[in-house]
There are 2 protein chains.
Amino acid sequence: MTTPLRAFKAQIFQALAHPTRIAIVEALRDGELAAGALGARLGLEQANLSQHLAVLRSRLVVVSRKAGNQVYYSLRDPVLGQVLDLLKQYVQAHLNETLALLNEMEPKKRRRA
Amino acid sequence: MTTPLRAFKAQIFQALAHPTRIAIVEALRDGELAAGALGARLGLEQANLSQHLAVLRSRLVVVSRKAGNQVYYSLRDPVLGQVLDLLKQYVQAHLNETLALLNEMEPKKRRRA
DNA sequence: TGCGAATATTCGCACTATCGAATATTCTGG
DNA sequence: CCAGAATATTCGATAGTGCGAATATTCGCA
């Protein structure tokens, strides 16, 4: 596989490499949603949501449709939803290690060491 | 889905969000390889490869097995290979836009504007 | 025309990632 | 034990990301 093609895939992975953007993609799996609805559903700051949407748009993960005052977003290709399904499968298959990693991931309070 | 779970998935996507690491995962799909063999196959600097392997290891995308002087790496779960397959499918389905994006991605020389 | 709602963009800052160079570690054979 | 191969880690510089605050844009309607 050529390197630029890998770079392209890397871009897509990067677009998905943020919890908020994963949440957005998940929310869009059942159909399009206006930006405002997304923000309400996910409890996000307006600017923050818009920034994440910009990232997803720039990678063409998501497409937008303007209707009057609002902008409706939808997943560009359901295959991206399938990618999330595979990941879910992966997470479930390794629940134990997953939990261990999650612990390491949010130490927040856990000082020591 | 809970937020920490999404954070976990995001970590995995992030691990895959680099052309070199995608190349590594692809190379490991047909079986384990020693670090040195990987470096030779992909034409990478030793330190650089080792750093990328460290990322993949920390996200458990890849597991290592030490055999004497060498360290053999392998994909932890073939489902991650399937994720790459889906992406390939995606890229092919949208070849036109893909190419357009690739152009924007490596302007390097293209100054103007 | 101009206000107000919906969305996008810009800015400054803190944080993270990537890289090559240098250095450290671990193992094997002698 | 020592030299050398294979791999990992650390360091410093540079680039990229994520966030909220502020600001800009766009659209419908009175």
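Given the structure is predicted, the values throughout are model-derived calculations rather than measurements.
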**Study point:** Distance-minimising heavy-atom pair for B:Ala7 and A:Pro19
**Key:** CA-CG, 3.8 Å
Exercise for review: Spell out, yes or no, whether A:Ile22 and A:Val55 are grouped together once hydrophobic residues are joined by side-chain heavy atoms under 4.5 Å, including indirect joins.
Suggested key: no
Separation between [atom1] of [X] and [atom2] of [Y], rounded to the nearest 0.5 Å:
X: A:Leu16; Y: A:Leu84; atom1: CG; atom2: CG; result: 6.5 Å
X: B:Leu49; Y: B:Leu53; atom1: CG; atom2: CG; result: 4.5 Å
X: A:Phe8; Y: B:Leu87; atom1: CZ; atom2: CG; result: 8.5 Å
X: B:Asp85; Y: B:Leu80; atom1: CG; atom2: CG; result: 11.5 Å
X: B:Ile12; Y: B:Leu60; atom1: CD1; atom2: CG; result: 8.5 Å
X: A:Lys9; Y: B:Leu86; atom1: NZ; atom2: CG; result: 10.5 Å

Check your understanding: Hey, where on DNA chain C does chain A first and last touch, going 5' to 3'? Cut-off is any atom under 4.0 Å from a heavy atom.
Key -> C:dA5 to C:dT10
Exercise for review: Taking side-chain contact (heavy atoms from CB on, under 4.5 Å) as the test, write out the residues that go with A:Val63, two or more places apart.
Suggested key: A:Ser74, A:Arg76
Study note, to complete from the structure: A:His52 meets the side-chain contact (heavy atoms from CB on, under 4.5 Å) criterion, sequence neighbours left out, with A:His18, A:Thr20, A:Arg21, A:Ile24, A:Asn48
With a cut-off of 3.5 Å and sequence neighbours excluded, list every side-chain donor-acceptor pair involving residues 30-46 of chain B.
residue	atom	partner	partner atom	Å
B:Glu32	OE1	B:Arg65	NE	3.2
B:Glu32	OE2	B:Arg65	NE	3.4
B:Glu32	OE2	B:Arg65	NH2	2.4

Check nucleotides 13-17 of chain D for protein N or O atoms closer than 3.5 Å to its own N or O atoms and list the pairs.
residue	atom	partner	partner atom	Å
D:dT17	OP1	A:Gln14	OE1	3.2
D:dT17	OP1	A:Gln14	NE2	3.3

**Study point:** Contacts of A:Arg57 that satisfy salt bridge (charged side-chain N to carboxylate O under 4.0 Å, His left out) - sequence neighbours left out
**Key:**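 Scan of A:Arg57 (salt bridge (charged side-chain N to carboxylate O under 4.0 Å, His left out), adjacent residues dropped) gives none.
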Review point. Of B:Ser64 and A:Ala67, whose closest DNA chain D nucleotide lies nearer the 5' terminus?
Key: B:Ser64
Review point. Side chain to side chain donor-acceptor pair (under 3.5 Å) with A:Gln14: which residues, sequence neighbours excluded?
Key: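 Expected list: A:Arg59.
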Exercise for review: Please name all residues satisfying side chain to side chain donor-acceptor pair (under 3.5 Å) with B:Asn69, sequence neighbours left out, ordered by chain then number.
Suggested key: none
Exercise for review: For B:Tyr72, answer base if it contacts any base atom (sugar-phosphate contacts may also be present), sugar-phosphate if it contacts only those atoms, and nothing otherwise; contact means non-hydrogen atoms under 4.0 Å.
Suggested key: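 The residue B:Tyr72 makes no contact with any strand.
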**Study point:** Contacting residues from residues 47-54 of chain B, given that a heavy atom lies under 4.0 angstrom of DNA chain C
**Key:** B:Ala47, B:Asn48, B:Gln51, B:His52
Point to revise | Angle of first-five versus last-five pair axes in the helix from C:dT1-D:dA30 to C:dG30-D:dC1, to 10 degrees | key: 20°
For nucleotides 2-6 of chain D, which of its nitrogen or oxygen atoms have a protein nitrogen or oxygen under 3.5 Å away, and what is each distance?
none

Review point. Which pairs with one or both residues in residues 60-82 of chain A pass ring-ring contact (aromatic ring centres under 6.0 Å, His included), sequence neighbours excluded?
Key: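 Qualifying pairs, neighbours excluded: none.
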